[in-house]
Protein chains: 4
Amino acid sequence: MAGNTFGTIFRLTTFGESHGPALGGVIDGCPPGVPVTEALIQRDLDRRRPGAGGLTGTARKEPDAVRLLSGIFEGESTGTPIAFAIENTDQRSRDYEAAKNLLRPGHADGTYLAKYGRRDYRGGGRASARETAARVAGGAVAASLLSGRGIDVFAYTVEFGGLPATVIDAAGAADRPFCAPDPAVIPAWEARAKQAMGSGDSLGGIVEVTATGVPAGLGEPVFDKLDARLAYALMGIGAVKGVEIGVGFAAARLTGSTNNDPIVNPPESNNAGGILGGISNGQPVTVRAAIKPIPSIAVPQRTTDIAGNPAEIVVGGRHDRSAIPRVVPVIRAMVLLVVADFLLAQQAVRPVGAPWV
Amino acid sequence: MAGNTFGTIFRLTTFGESHGPALGGVIDGCPPGVPVTEALIQRDLDRRRPGAGGLTGTARKEPDAVRLLSGIFEGESTGTPIAFAIENTDQRSRDYEAAKNLLRPGHADGTYLAKYGRRDYRGGGRASARETAARVAGGAVAASLLSGRGIDVFAYTVEFGGLPATVIDAAGAADRPFCAPDPAVIPAWEARAKQAMGSGDSLGGIVEVTATGVPAGLGEPVFDKLDARLAYALMGIGAVKGVEIGVGFAAARLTGSTNNDPIVNPPESNNAGGILGGISNGQPVTVRAAIKPIPSIAVPQRTTDIAGNPAEIVVGGRHDRSAIPRVVPVIRAMVLLVVADFLLAQQAVRPVGAPWV
Amino acid sequence: MAGNTFGTIFRLTTFGESHGPALGGVIDGCPPGVPVTEALIQRDLDRRRPGAGGLTGTARKEPDAVRLLSGIFEGESTGTPIAFAIENTDQRSRDYEAAKNLLRPGHADGTYLAKYGRRDYRGGGRASARETAARVAGGAVAASLLSGRGIDVFAYTVEFGGLPATVIDAAGAADRPFCAPDPAVIPAWEARAKQAMGSGDSLGGIVEVTATGVPAGLGEPVFDKLDARLAYALMGIGAVKGVEIGVGFAAARLTGSTNNDPIVNPPESNNAGGILGGISNGQPVTVRAAIKPIPSIAVPQRTTDIAGNPAEIVVGGRHDRSAIPRVVPVIRAMVLLVVADFLLAQQAVRPVGAPWV
Amino acid sequence: MAGNTFGTIFRLTTFGESHGPALGGVIDGCPPGVPVTEALIQRDLDRRRPGAGGLTGTARKEPDAVRLLSGIFEGESTGTPIAFAIENTDQRSRDYEAAKNLLRPGHADGTYLAKYGRRDYRGGGRASARETAARVAGGAVAASLLSGRGIDVFAYTVEFGGLPATVIDAAGAADRPFCAPDPAVIPAWEARAKQAMGSGDSLGGIVEVTATGVPAGLGEPVFDKLDARLAYALMGIGAVKGVEIGVGFAAARLTGSTNNDPIVNPPESNNAGGILGGISNGQPVTVRAAIKPIPSIAVPQRTTDIAGNPAEIVVGGRHDRSAIPRVVPVIRAMVLLVVADFLLAQQAVRPVGAPWV
């Protein structure tokens with residue numbers, strides 16, 4: 001759980017730049033017997049591939065074909081590391097040569113230079129959203145593990161360009177434009193997207209996740225709370241600037257008597273988002289992430305070159321107009337990784353679901 | 001960075017329940033030569049001790065006197081683990097006997113049972129806010145390390161009971177009631193607090209942190225982003241239900257051209273909160289946390305006993321009416337721990353502030 | 001598993017110098033329901049306390065009384081961190097003032113200076129063997145966990161001052177002088193010890209550990225092999241200069257046909273020491289550690305002061321004449337910690353002892 | 001530092017089975033600016049490839065061609081993860097079908113089944129020595145980092161089949177048969193190897209490592225001692241059954257006055273192996289590993305099938321007759337990884353080589 005590794009028991013390490021030979025990852029700690037195939041991973045990858053975004057997506061067309069390198073025998077995990085790679089095939093590096101000495105506002109160009117003293121300037125290098133393909137692949141393996149235990153994770157857009165959705169049909173969202181939870185909101189969102197594209201600008205939104213079937217007892221009570229790890233997981237996505245659990249920021253304006261969920265069967269509310277004291281309580285786990293507008297815009301911006309001289313920049317290249325909906329499967333993947341990790345970790349404490357003494 | 005340990009290089013491990021013999025912690029990885037005394041830690045501890053909250057605080061009066069057990073020689077750290085303990089002296093466990101079989105809404109009673117199969121029911125055990133004293137002590141050591149490098153961290157309440165502060169004087173806030181950033185807002189907040197106390201209810205709010213002097217280059221670019229670790233740190237506090245960086249959730253409603261900070265000298269805006277691509281950019285780092293209303297209220301609530309039978313509960317004991325302001329130094333401490341950890345970690349990469357190649 | 005923390009699931013963090021206020025530790029990850037009392041820990045501590053060594057031991061008389069600070073409720077672990085402290089009561093720091101500017105041969109004086117730029121020169125500070133008391137306390141908790149699962153760990157001296165024991169009665173050794181596995185060897189070892197004491201010199205030896213009841217399947221197959229972790233655990237004790245598993249170095253001189261243990265029921269040999277491919281095979285786990293002679297000797301030695309000027313030193317103070325037998329319970333404790341950690345870790349993979357598919 | 005990841009700052013994660021699509025690894029934490037090319041890694045890989053062993057080696061001929069997937073830009077590390085893969089091209093899996101239900105003595109067949117409930121039986125799967133190719137690749141990157149800081153690591157065979165070398169020419173050993181430190185010993189070792197081959201048996205030996213240029217101050221003083229990590233690193237190699245530092249097991253038979261190295265300039269002895277109190281002292285670091293005879297032998301052995309029925313097995317396939325010399329570059333690689341990790345870690349404590357205060 002440091003650098004490029006996520007998790008403590010079910011651990012995903014990712015590698016790769018947008019314009020290097022390949023990107024991929026290694027999953028360590030997956031228990032034996034989990035069904036894993038390239039097709040299973042590919043299905044999730046295809047949901048975040050370039051072009052998946054409809055109106056909001058980049059024109060870059062890569063198949064993002066995943067190849068399993070290890071850890072699988074006869075279609076199931078063996079318990080050893082599951083490595084996978086995705087070749088980079090469509091790399092027009094020359095697009096980036098022109099601007100290699102300019103710092104793009106809202107991007108990590110300058111901070112990479114401050115950290116490493118140098119950077120791979122082609123397409124954002126490791127800071128490229130392309131890195132998240134490896135997370136989605138890792139999440140697909142976690143999903144296979146979890147679905148065998150009755151746990152499902154749904155992610156969907158609840159607000160786009162300032163326009164909220166009001167009806168939430170979580171299960172169908174993955175197959176709709178914008179990962180919309182309500183077909184009725186799509187036309188308004190399309191209009192909003194076209195408007196932004198017309199002005200060369202970009203948009204953000206809010207993505208919500210609901211995890212169902214999460215057993216009570218997952219999470220560590222102090223630093224490593226389930227909600228803390230979810231916040232870490234989602235804020236570790238480049239486009240995310242805020243994370244909230246249950247009613248989240250709205251809780252700050254409630255009183256204890258209106259915010260507390262009464263303990264009744266069946267539950268009448270879930271303001272806590274399925275987590276109390278950092279540990280799941282058996283209700284659905286709900287979390288939301290604020291997605292900033294993509295910083296690559298065709299509008300001229302003030303900046304400097306790497307020597308500090310003032311300059312103006314118009315970011316060319318083939319870029320999405322919003323991280324939505326391509327970030328949605330990434331967010332889902334991170335939640336899957338968190339839940340899988342805690343589920344396995346809990347088995348070292350006591351059997352999940354065992355009675356109280 | 002698992003369970004009860006926070007950090008990777010500068011690591012704090014905490015221990016202790018509200019009603020056990022003592023609570024405390026161990027700081028591992030503090031470099032040699034950092035000034036550390038009991039008085040230095042005590043000063044920060046006193047800011048979060050019971051009674052510090054004025055109108056919002058509990059009547060429990062514990063001195064919370066810290067004792068250094070190791071790692072200090074002649075007033076400075078030696079590089080070996082710095083352990084400290086705070087004795088629990090005022091433990092009225094009998095207050096809790098009556099309700100030991102009832103699950104308190106909004107509390108971790110049931111989730112601890114689900115996780116461990118048992119619980120120390122006296123005063124919330126490890127889930128008690130009292131555990132955070134150890135975090136504040138750890139943060140005080142981090143503050144001493146960081147102040148020697150020109151880094152300061154300020155935390156203050158920007159909203160209480162739904163009433164926002166409009167003027168922000170960060171430096172003076174720690175000494176004001178509610179850690180208010182503006183003296184003018186205090187009367188309204190006091191009235192709001194009295195109103196809630198009168199009805200036996202509790203209140204929440206929003207706390208903001210500004211870290212100044214943070215050099216560019218801190219943070220790991222993928223999972224372990226500076227903002228991800230901050231979100232993890234703050235969401236790991238029991239009362240926190242949401243975290244946002246820079247403009248945070250508001251970014252979801254901006255466009256790229258209005259959200260991007262132009263790169264100019266001096267900076268004109270800081271929507272990014274001093275972090276780009278998960279790495280500090282040299283501007284102040286800003287983060288906000290949503291604080292839920294304390295779940296212990298004198299209002300009758302529906303619940304069950306541990307066998308699942310419906311019941312009504314009125315939570316007695318001596319409880320705060322709001323986590324604000326006692327949570328404020330805890331939030332500050334967590335930010336201090338994050339920054340200290342990344343500052344040391346960066347030294348393994350390249351000297352902080354070294355020129356670009 | 002870094003710095004002053006040992007283990008990944010069952011984690012022990014230790015703190016404390018020989019001449020600071022206290023030493024102790026925090027056990028994080030102990031599952032709930034393990035019987036833990038001060039008396040249970042004290043029994044193991046008493047086996048390594050000053051004076052326990054008979055002829056070989058120091059005259060320093062400290063009770064080494066352990067105090068539990070957290071994590072225990074009604075005599076059993078709750079699942080939260082178990083902290084404990086041992087006060088330092090008999091600190092004659094002035095014994096060390098005289099030699100504070102001289103580097104003691106065979107000691108860590110110079111290397112601490114190189115690492116930290118300073119050192120707590122009183123009694124070796126953190127490098128003192130006194131630190132190992134915290135390991136023994138941690139091991140006692142691990143022993144309580146393991147004995148509930150049918151696992152026992154025995155440690156005993158198989159060679160002292162160059163004189164090997166030939167008969168091995170592991171179970172009775174802990175109560176005999178030198179932790180001798182054979183009462184018949186004691187007179188010869190006593191004579192050897194007296195001879196060394198007479199000349200102001202010190203002695204070493206070899207300690208063996210046998211862990212019985214270890215189920216098959218513990219250990220991670222690549223870096224984190226059971227034998228690798230055992231080697232790490234034992235070589236992390238100051239006095240240990242070599243570690244071997246099963247027949248160990250002797251295997252280098254065997255052929256495959258004589259070294260391989262035939263797979264028969266019951267087993268006819270255990271050259272492998274109960275570990276194949278880094279994973280336990282269900283036979284007893286056996287490991288040996290080479291103990292160097294204690295470097296503190298009354299014989300004059302050539303050295304330098306901290307400025308590099310040549311000098312002669314005679315190490316005064318109250319020192320053991322051999323790490324044996326006081327190191328024996330430390331070695332046992334480290335093995336207990338390793339086995340406990342892997343036992344819990346394995347539960348995240350699949351139930352221990354579950355049938356093959 | 002768990003499962004398939006080695007190190008805390010400079011971290012190597014490996015993946016791959018002997019008969020899967022590929023094996024490889026990810027290096028996380030390599031600082032920017034280290035020269036890394038496929039040729040640089042290939043040179044070290046070629047030293048451990050099948051056939052490199054001369055008389056002792058397998059007939060399996062794989063090019064073991066490494067391919068860099070990420071983290072390198074214009075021939076130098078960027079600071080982001082360096083991933084590499086080696087395709088498996090010569091996989092005669094059918095060789096293993098016949099014996100898939102038999103447990104090979106001295107192998108991990110049964111322990112993998114106990115751990116995972118299943119196994120990839122083709123060629124040992126993850127337990128194959130082939131996995132160590134990834135370690136050698138990782139070590140090559142560490143070597144490039146370290147050579148830039150004046151640190152070199154030499155590994156060589158000091159004993160083979162019971163026959164010791166008496167002259168040590170470390171620098172030339174890598175290019176000699178058996179990695180012999182003395183050309184004169186080679187004929188005797190060849191004769192010993194031929195004798196063992198003739199009887200279908202296998203041989204072991206002892207490998208020594210000397211690391212020169214290691215600055216004083218590397219290592220953590222308690223659990224994570226430099227010698228502890230070296231023991232962990234080497235015992236984590238399948239063929240290693242014992243590890244010793246400096247004079248190692250011989251120290252157990254010395255007295256303090258003969259084992260202590262006097263502190264003189266220049267040093268007159270190095271019994272401590274360059275490590276005091278777990279921290280390097282500036283002298284060469286020396287460590288030895290006992291290599292067991294390879295368990296795959298053509299001699300009939302008693303065993304059982306996976307159902308526990310008695311059986312006889314003659315291990316076919318193409319196997320080495322000794323792990324020596326192919327294990328020698330693996331041992332060197334592990335030492336390189338340890339030293340690189342501690343060198344970087346120390347920079348978080350204080351600048352390496354800074355004066356004492």
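We name chains A, B, ... by the order of the sequence lines, and we start the count at 1 in each one.
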| said: Let's go through D/M334 and C/F223 carefully: what are the C-alpha distance in whole Å and the side-chain angles of both, what is the deciding distance for side-chain contact (heavy atoms from CB on, under 4.5 Å) to 0.1 Å, and is it a yes or a no? | reply: CA-CA 10 Å; D/M334 295 310 296; C/F223 300 119; 3.8 Å; yes
| message | Distance check, rounded to the nearest 0.5 Å: C/I237 atom CD1 versus D/D227 atom CG? | response | 11.0 Å
| request: Could you have a look at C/L12, C/L103, C/N260 and say which one has the most heavy-atom pairs with chain D under 4.5 angstrom? | output: C/N260
| Atom group of D/A272 that falls short of 4.5 Å from chain C, counting heavy atoms | both
| field | Interface residue of largest heavy-atom contact number with chain D, from C/I313, C/L254, C/V243, under 4.5 Å | value | C/V243
| Looking only at heavy atoms, what is the nearest atom pair of D/R302 and C/P262, with distance? | NH2-CG, 3.5 Å
| Mind checking which of residues 198-206 of chain C sit less than 4.5 Å from chain D, heavy atom to heavy atom? | C/D201, C/S202, C/L203, C/G204, C/G205, C/I206
| field | From D/N271 atom CG to C/K241 atom NZ, the distance as rounded to the nearest 0.5 Å | value | 9.0 Å
| note | Taken to the nearest 0.5 Å, the spacing of D/K115 NZ from C/F342 CZ works out to 7.5 Å
| said: If I take atom CG from residue C/L163 and atom CZ from residue D/R253, how far apart are they, to the nearest 0.5 angstrom? | reply: 10.5 Å
| Within a strict 4.5 Å, meaning less than it, do heavy atoms of the C/R126 and D/V222 side chains meet? | yes
| task | For C/T132, check side-chain contact (heavy atoms from CB on, under 4.5 Å) against everything at least two apart and list the hits. | result | C/R48, C/R135, C/V330
| Highest number of heavy-atom pairs under 4.5 Å with chain D: which of C/S257, C/A216, C/A108, C/A239? | C/S257
| Distance in Å, D/M235 CE paired with C/M235 CE, rounded so as to fall on 0.5 Å steps | 7.5 Å
| message | Measuring only between side-chain heavy atoms, which start at C-beta, is D/F249 closer than 4.5 Å to C/E244? | response | yes
| message | Nearest 0.5 Å, please: how far is OH in D/Y232 from CZ in C/R229? | response | 6.0 Å
| query | Is any side-chain heavy atom of D/L276 closer than 4.5 Å to a side-chain heavy atom of C/Y112? | reply | no
| field | Which atoms of C/Q195 approach chain D - backbone, side chain, both or neither, heavy atom under 4.5 Å | value | neither
| task | Determine yes or no for a side-chain-to-main-chain donor-acceptor pair under 3.5 angstrom, with D/T303 supplying the side chain and C/I263 the backbone. | result | no
| note | One option among C/A228, C/P300, C/A290, C/G277 has the most heavy-atom pairs under 4.5 Å with chain D, and it is C/A228
| request: Could you tell me which of C/L218, C/L234, C/I291, C/V299 has the largest number of non-hydrogen atom pairs under 4.5 Å with chain D? | output: C/I291
| message | At a 4.5 Å cut-off on heavy atoms, which part of D/I306 comes close to chain C: side chain, backbone, both, or neither? | response | both
| query | Does the side chain of D/E131 reach to within under 4.5 Å of the side chain of C/P221, using non-hydrogen atoms? | reply | no
